[in-house]
Colleague: 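Please read through the structure below; I'll follow up with questions.
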Number of protein chains: 2
Amino acid sequence: MQAAGTDRPATIHDIAAMCGVAASTVSRALSTPERVNIRTRARIEAAAAELNYTPNSQAKALSSGRTGAVGVLVPDITNPFYFDLIRGTQLQLKAAGYTQLLVDTEESDEVEASTLEQLRKSADGIIVAASRLSDESLLAAAARIPMVTINRDVAGVPAVIIDTPSATSQALDHLISLGHSRVAYIAGPLTSQSSERRWAALTEAAQDRGVEVRSLGPFAPKTQSGAAAADAAVHSGVTACIAFNDLIAIGMLQRLRERGIRVPEEMSIVGCDDIFGADFCNPPLTTMASPIEQAGRVAVSMLLAQLNPLAGGGIRNRSVMPTHLTVRSSTASARNS
Amino acid sequence: MQAAGTDRPATIHDIAAMCGVAASTVSRALSTPERVNIRTRARIEAAAAELNYTPNSQAKALSSGRTGAVGVLVPDITNPFYFDLIRGTQLQLKAAGYTQLLVDTEESDEVEASTLEQLRKSADGIIVAASRLSDESLLAAAARIPMVTINRDVAGVPAVIIDTPSATSQALDHLISLGHSRVAYIAGPLTSQSSERRWAALTEAAQDRGVEVRSLGPFAPKTQSGAAAADAAVHSGVTACIAFNDLIAIGMLQRLRERGIRVPEEMSIVGCDDIFGADFCNPPLTTMASPIEQAGRVAVSMLLAQLNPLAGGGIRNRSVMPTHLTVRSSTASARNS
DNA sequence: CGATTAATGACAACCGATTGCCAAGTAGTT
DNA sequence: AACTACTTGGCAATCGGTTGTCATTAATCG
């Protein structure tokens with residue numbers, strides 16, 4: 001049964017007319033119930049239910065200054081790494097009554113910057129994954145709107161860091177224990193801080209252990225780049241590779257298979273992120289597994305803590321997510337040569 | 001160099017004050033340029049540029065009734081099938097100056113219905129992929145807000161249909177040509193119209209060709225369901241399976257490997273959608289490839305045609321995307337038994 | 001050169017909510 | 001009974017735009 005009347009969504013004015021009170025009373029009854037007589041409130045709530053009232057979020061945003069939306073920026077929606085991240089943010093945001101505005105910044109700093117500017121008015125806060133912006137730009141943006149970054153460490157900007165660097169040295173130890181002594185790091189984009197941090201951790205660990213590592217690349221974080229990466233690795237004479245991420249690693253697997261180079265017998269491959277597909281590619285990929293969905297949730301929690309400072313605990317401005325090595329079948333003993 | 005002044009975003013009033021004109025003139029200069037003196041317009045545009053003005057989308061939405069946003073509803077964000085779809089809609093929407101509101105309806109008709117109701121005020125139109133709602137609910141919703149469905153055929157609601165049914169009979173022919181005569185269809189969710197339509201196409205084709213097909217399931221469209229599906233298929237004695245989608249098919253591959261049943265020698269598997277991963281799983285999956293990203297773009301075009309009826313061509317209310325079989329290594333001749 | 005018409009821009013109402021302010025009403029206190 | 005203190009709810013301004021109405025000015029034409 002629908003109430004008779006127009007098809008247009010009900011407003012507080014409709015409710016007010018129905019109950020014979022002022023619109024402001026309706027607004028109060030719904031947002032600050034304790035400031036309105038309990039019987040009046042009951043009448044208003046009944047009328048609201050009957051009219052199937054839902055507040056107009058635009059109007060609410062305009063008058064209150066809060067939009068109830070949070071922007072989530074990722075460099076590439078089709079990268080499976082972000083699947084779980086997005087799901088994590090989506091679930092947590094919905095639970096808190098926020099709407100997620102998802103934007104693909106196409107790995108471009110310009111798109112990212114203009115999106116940031118636009119979102120400044122239409123979102124209450126922003127979560128930026130794997131930002132391609134400079135530290136200065138990011139810091140400036142964070143000063144204008146509450147922000148949490150993921151995998152981007154800039155002083156003064158709250159961040160969730162997935163601790164792949166420490167897993168990187170685990171991966172190196174794993175390879176060393178298998179007898180490898182010449183290892184390549186397949187680098188990601190130059191603008192990626194994650195790639196930089198991993199390489200730094202790797203060179204340091206290599207020095208400690210007395211093995212040789214070299215960096216190849218940079219390569220775009222896509223499976224298609226895997227072919228070039230594989231060729232470069234073979235040419236460089238290493239027996240094992242640690243790839244910037246699973247996409248590249250999977251691409252390498254495909255290329256090596258095409259070239260008849262057996263994995264792991266002739267070349268060991270370690271990926272990063274444990275994305276969808278890492279467990280069923282051929283061979284299944286040894287990789288550094290990250291709690292990605294959880295990272296998304298934590299980022300949302302940190303952002304909401306900024307938005308509603310009253311509610312409970314203090315603001316954490318840095319959260320490090322542990323990462324561990326998951327060994328599958330793409331790594332094995334170095335061949336005797 | 002930033003203009004001196006407050007940190008608050010500039011409004012048309014700031015521009016008006018700067019140029020010594022009324023706010024409405026500024027509004028007209030920016031939205032109906034031909035109704036304003038060209039010199040005044042130039043001054044206003046210069047001022048807007050200098051103040052780094054961006055219109056407040058909330059205010060715009062409130063007064064004009066248009067939000068500039070389009071809702072995109074998918075049942076499961078982490079299903080790779082939707083990533084290409086989402087990318088297609090995102091690109092096309094951005095090109096047209098719209099914002100995408102992405103919502104994961106969690107395969108739930110209730111979440112879908114309430115999202116639809118909420119979006120009615122905060123979006124100009126909606127794209128619903130693989131709806132779980134009843135025909136009636138969908139039709140009622142479409143009467144309230146411009147809508148395009150994807151893979152859901154309801155009279156009166158514009159739709160983009162990915163023509164997997166016809167590919168299904170191609171797949172059956174492929175299997176028949178390999179000598180298979182006992183084939184199972186691994187069904188998707190009961191509420192999925194796609195699954196229903198594929199099964200209908202399959203039974204019809206089977207009858208024409210005089211082979212036996214049976215339906216197993218329903219199974220949830222996730223890799224985890226593949227184990228149960230694989231066991232059911234083995235138990236039923238078929239030599240080939242056509243799966244509802246690639247996720248299930250990949251899950252089956254994994255399970256069959258665990259059980260030591262060789263694919264394709266002992267069991268042939270055909271997937272559907274050609275998602276990320278179908279080409280590098282083990283063995284690479286024979287599957288029905290769909291132009292998913294294109295489907296997303298087409299859906300957006302159809303929706304925009306509804307929103308702006310003036311611009312050019314008439315409104316198509318149904319668009320069928322062709323699909324074809326991509327043969328890889330998960331299908332082969334039936335073993336002699 | 002005067003009149004008709006079109007171009008231009010200012011004013012103000014409006015979209016649907018929030019919120020500060022104040023008046024009316026109620027209860028409790030002495 | 002008078003007074004204070006608190007509760008309740010209405011009025012009106014406000015957010016930042018859009019848009020209808022109308023007066024003014026400029027251009028075109030006879």
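In what follows, chains carry the letters A, B, and so on, assigned in the order in which the sequence lines appear, proteins first and then strands, with residues in each chain numbered from 1. This one's a predicted model, so the numbers in the text were calculated from it and none came from an experiment. Heavy atoms only: backbone and side chains are in, while hydrogens, waters and symmetry mates are out.
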Colleague: Check whether any side-chain N or O of B/Ser131 sits under 3.5 Å from a backbone N or O of B/Val128 as a donor-acceptor pair, and report yes or no.
Modeller: no

Colleague: Please evaluate the base of D/dG20 for a donor-acceptor partner in the side chain of B/Arg35 within a cut-off of under 3.5 Å?
Modeller: no

Colleague: Could you please name the option among D/dT18, C/dT19, C/dG16 that lies closest to any side-chain atom of B/Ser64?
Modeller: D/dT18

Colleague: Base, sugar-phosphate or nothing for A/Arg39? Non-hydrogen atoms, less than 4.0 Å.
Modeller: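 Answer is nothing: A/Arg39 stays at 4.0 Å or more from every strand.
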
Colleague: Will you find, in the side chains of B/Gln100 and B/Thr89, an N or O donor that is under 3.5 Å from an N or O acceptor?
Modeller: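 B/Gln100 vs B/Thr89: donor-acceptor pair found between side chains.
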
Colleague: Which comes earlier along DNA chain D counting from the 5' end, the contact point of A/Gly20 or that of B/Thr54, where each point is its nearest nucleotide?
Modeller: A/Gly20

Colleague: How many whole angstroms separate atom CG of B/Leu30 from atom C1' of C/dG9?
Modeller: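 About 14 Å, once rounded to whole Å.
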
Colleague: Return the value, rounded to whole Å, for the distance between atom CD1 of A/Ile12 and atom C1' of C/dC15.
Modeller: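 Rounding to the nearest Å, CD1 of A/Ile12 and C1' of C/dC15 are 12 Å apart.
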
Colleague: Looking only at non-hydrogen atoms, find the nearest pair between B/Leu138 and B/Glu112 and report the distance.
Modeller: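 Scanning both residues completely, I find the closest heavy atoms to be CD1-OE2, 4.5 Å.
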
Colleague: Can you check the B/Leu62 CG to C/dC15 C1' distance for me, whole Å?
Modeller: 4 Å

Colleague: How is B/Thr40 classified with respect to the nucleic acid when contacts are heavy atoms under 4.0 Å: base, sugar-phosphate, or nothing?
Modeller: sugar-phosphate

Colleague: Starting from C1' on D/dG9, measure out to CZ on A/Arg43 and report it in whole angstrom.
Modeller: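 Atom-to-atom, A/Arg43 to D/dG9, this comes out as 11 Å.
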
Colleague: What is the distance, to the nearest angstrom, from the CG atom on B/Asn37 to the C1' atom on D/dA26?
Modeller: 11 Å

Colleague: Measure the distance from CD on A/Glu34 to P on C/dT19 and round it to the nearest whole Å.
Modeller: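 After rounding, the gap between these two atoms is 13 Å.
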
Colleague: Taking only the side-chain heavy atoms of A/Ala59 (C-beta and beyond), determine which of D/dG17, C/dG9, C/dA17 contains the nearest atom.
Modeller: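 Shortest atom-to-atom distance from the side chain points to C/dA17.
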
Colleague: Taking the side chain of B/His13 as its heavy atoms from C-beta onward, which of C/dT18, C/dG9, D/dG17 lies nearest to it?
Modeller: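 Looking only at side-chain atoms, B/His13 lies closest to D/dG17.
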
Colleague: Examine distances only and state if a side-chain atom of A/Arg152 and a backbone atom of A/Val157 form a donor-acceptor pair shorter than 3.5 Å.
Modeller: no

Colleague: Return the value, rounded to whole Å, for the distance between atom NZ of B/Lys121 and atom C1' of C/dA17.
Modeller: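 Atom NZ in B/Lys121 sits about 12 Å away from atom C1' in C/dA17.
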
Colleague: Among C/dT8, D/dG10, D/dT18, which nucleotide sits nearest the side chain of B/Ser27?
Modeller: D/dT18

Colleague: Is there a donor-acceptor contact under 3.5 Å from the side chain of A/Thr105 to the main chain of A/Ser108?
Modeller: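 Looks like no, no N/O pair under 3.5 Å.
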
Colleague: Choose from C/dT19, C/dG16, C/dA10 the nucleotide whose nearest atom is closest to any side-chain atom of B/Ala22.
Modeller: C/dA10

Colleague: Between atom CG in A/Asn56 and atom C1' in C/dT18, what is the gap in whole Å?
Modeller: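 Rounded to the whole Å, the gap is 13 Å.
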
Colleague: How do B/Thr25 and A/Arg66 order along DNA chain C: which one's closest nucleotide is nearer the 5' end?
Modeller: B/Thr25

Colleague: For the side chain of A/Arg28, starting at C-beta, report the closest nucleotide among C/dT8, C/dC21, C/dA10.
Modeller: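 Closest nucleotide to the A/Arg28 side chain: C/dC21.
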
Colleague: So which nucleotide from D/dG10, C/dA17, D/dT18 ends up closest to the side chain of A/Tyr53?
Modeller: C/dA17

Colleague: Once you apply a heavy-atom cut-off of 4.0 Å, does A/Ser24 come out as touching a base, just sugar-phosphate, or nothing?
Modeller: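 Base contact.
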
Colleague: We want to know whether B/Thr54 and A/Gln118 form a side-chain donor-acceptor pair, criterion being a heavy-atom distance below 3.5 angstrom.
Modeller: no

Colleague: Once hydrogens and angles are ignored, does a donor-acceptor distance under 3.5 Å link the base of C/dC14 to the side chain of B/Ser63?
Modeller: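 No such pair is found, so the answer is no.
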
